[in-house]
Amino acid sequence: MPRGWSGAFDAPLPRSAYERPTRTVARALLGAFLVRREPTGDRVARIVETEAYVANDPASHAFRGPTERNRSMFSRPGTLYVYRIHQVHCANAVTRPGQAVLLRAAEPVVGRFPAPPRGPGRLCRAFDLARADDGLDLVTSDRLRIVPGPAPEETIVLAPRIGIRLAAERPLRFALSGNLWVSTPLPWPRVRRGAPAPGKEIGS
DNA sequence: AGCAAGATTAGCT
DNA sequence: GCTAATCTTGCTC
């Protein structure tokens, strides 16, 4: 146990928790705590929305293999992958090689945040995550980790991912139903007439 | 070397 | 709902 981690949000999610099918991890991270430890105090938020970027996924940065930008996606499970898009950053937890879970939104629990962690860009601002944090190990880091939380009482819903063009219809976005910190309201706001109802419940 | 597109967000109509 | 901001990545020439 690294020095400094002796408070309430100690025990990090073990590497084995990341070394599972990406969809399983995306769902399992709901209700877990993202924890940043600073000399000034902890910042803790409960993860309420994720997206899975899986193998052979045209929307994934890893689709065309390793590059300089995405090399963290091919690092160990539990590695943090941070990239820049437009003028913001987005953070992912790496699962299996070339796959990751995008952290889209979290609910503040402890500490003050520079921005509300609602939406992937704001979540990074809330935790001061930038490209310099790319490659950090969420299992062993002194600064940042994910800690298991109680099973969510909210229903978990599955919906298409946000902001992508390729494979846009695949339901790989996971969220806690009704949670106000989810970045986009569910059910899905743009629905084709005759299309299946979005926000389908997949479990309780 | 140049360039089009992007896992976003804030602000305006 | 729409668009600009803003800049990096990675593909193409």
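On a predicted model such as this, the values are computed, not experimentally measured, just so you know. In the text below, chain A, chain B and the rest are named by the order of the sequence lines, each starting its count at 1.
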> Tell me whether A:Arg143 is salt-bridged to A:Asp133, with the criterion being a basic N under 4.0 Å from an acidic carboxylate O.
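Yes, this pair counts.
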> Answer with yes or no whether the side chains of A:Ser72 and A:Asp134 bring together a donor and an acceptor at under 3.5 Å.
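A pair is found: one side chain offers a donor N or O, the other an acceptor, under 3.5 Å apart.
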> Keeping A:Arg118 on the side-chain end and A:Val182 on the backbone end, is there a donor-acceptor pair under 3.5 Å?
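Yes, A:Arg118 side chain to A:Val182 backbone: donor-acceptor pair under 3.5 Å.
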> What does the B/S/- profile of nucleotides 3-13 of chain C look like, 5' to 3', with a 4.0 Å heavy-atom cutoff to protein?
--BBS-SSS--
> Dot-bracket for DNA chain B, 5' to 3', with Watson-Crick and G-U pairs under 3.5 Å, [ ] for crossing pairs and | for other-strand pairs: what is it?
||||||.|||||.
> So, do A:Tyr53 and A:Phe63 have ring centers that fall under 6.0 Å from each other?
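That pair fails the under 6.0 Å test.
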> Rounding to the closest angstrom, what is the interatomic distance between B:dG2 and C:dT6 at atom P?
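Their P atoms lie roughly 23 Å apart.
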> Using whole Å, report how far CD of A:Gln99 lies from P of B:dA7.
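Rounded to whole Å, this separation is 17 Å.
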> Please answer whether B:dA7 and A:Tyr53 are stacked, defined here as ring centres separated by less than 5.5 Å and planes angled under 30°.
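Stacked: ring centres under 5.5 Å, planes under 30°.
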> Please check this pair: side chain of A:Asp137 against backbone of A:Val139, looking for a donor-acceptor N/O pair closer than 3.5 Å.
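Yes, the answer is positive, given that a donor and an acceptor are paired below the 3.5 Å cut-off.
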> Are any of A:Arg125's side-chain N or O atoms less than 4.0 Å away from OP1 or OP2 of B:dT8?
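So the side-chain polar atoms of A:Arg125 never come under 4.0 Å of the phosphate oxygens OP1 or OP2 of B:dT8.
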> Given the P atoms of C:dA4 and B:dA4, what is the spacing between them in whole Å?
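After rounding to an integer number of Å, I get 16 Å for this pair.
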> Do A:Ser183 and A:Glu49 have side-chain N/O donor and acceptor atoms under 3.5 Å apart?
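Their side chains do contain a donor-acceptor pair, which is all the 3.5 Å distance test asks for.
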> Starting from the 5' end of DNA chain B, give me the residue, A:Ile164 or A:Arg122, whose nearest nucleotide shows up first.
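Nearest-nucleotide comparison on DNA chain B picks A:Ile164.
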> Taking NZ, NE, NH1 and NH2 as the nitrogens, is one of them in A:Glu51 or A:Arg161 under 4.0 Å from a carboxylate oxygen of the other?
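Not counted as a salt bridge, because no side-chain N and carboxylate O are separated by less than 4.0 Å.
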> Looking only at the side chains, is there a donor atom on one of A:Thr22 and A:Thr95 sitting less than 3.5 Å from an acceptor on the other?
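Per modelled atom types, A:Thr22 and A:Thr95 side chains form a pair under 3.5 Å.
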> B:dA5 C1' sits how many Å from A:Tyr83 OH, rounded?
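The answer, rounded to whole Å, is 14 Å.
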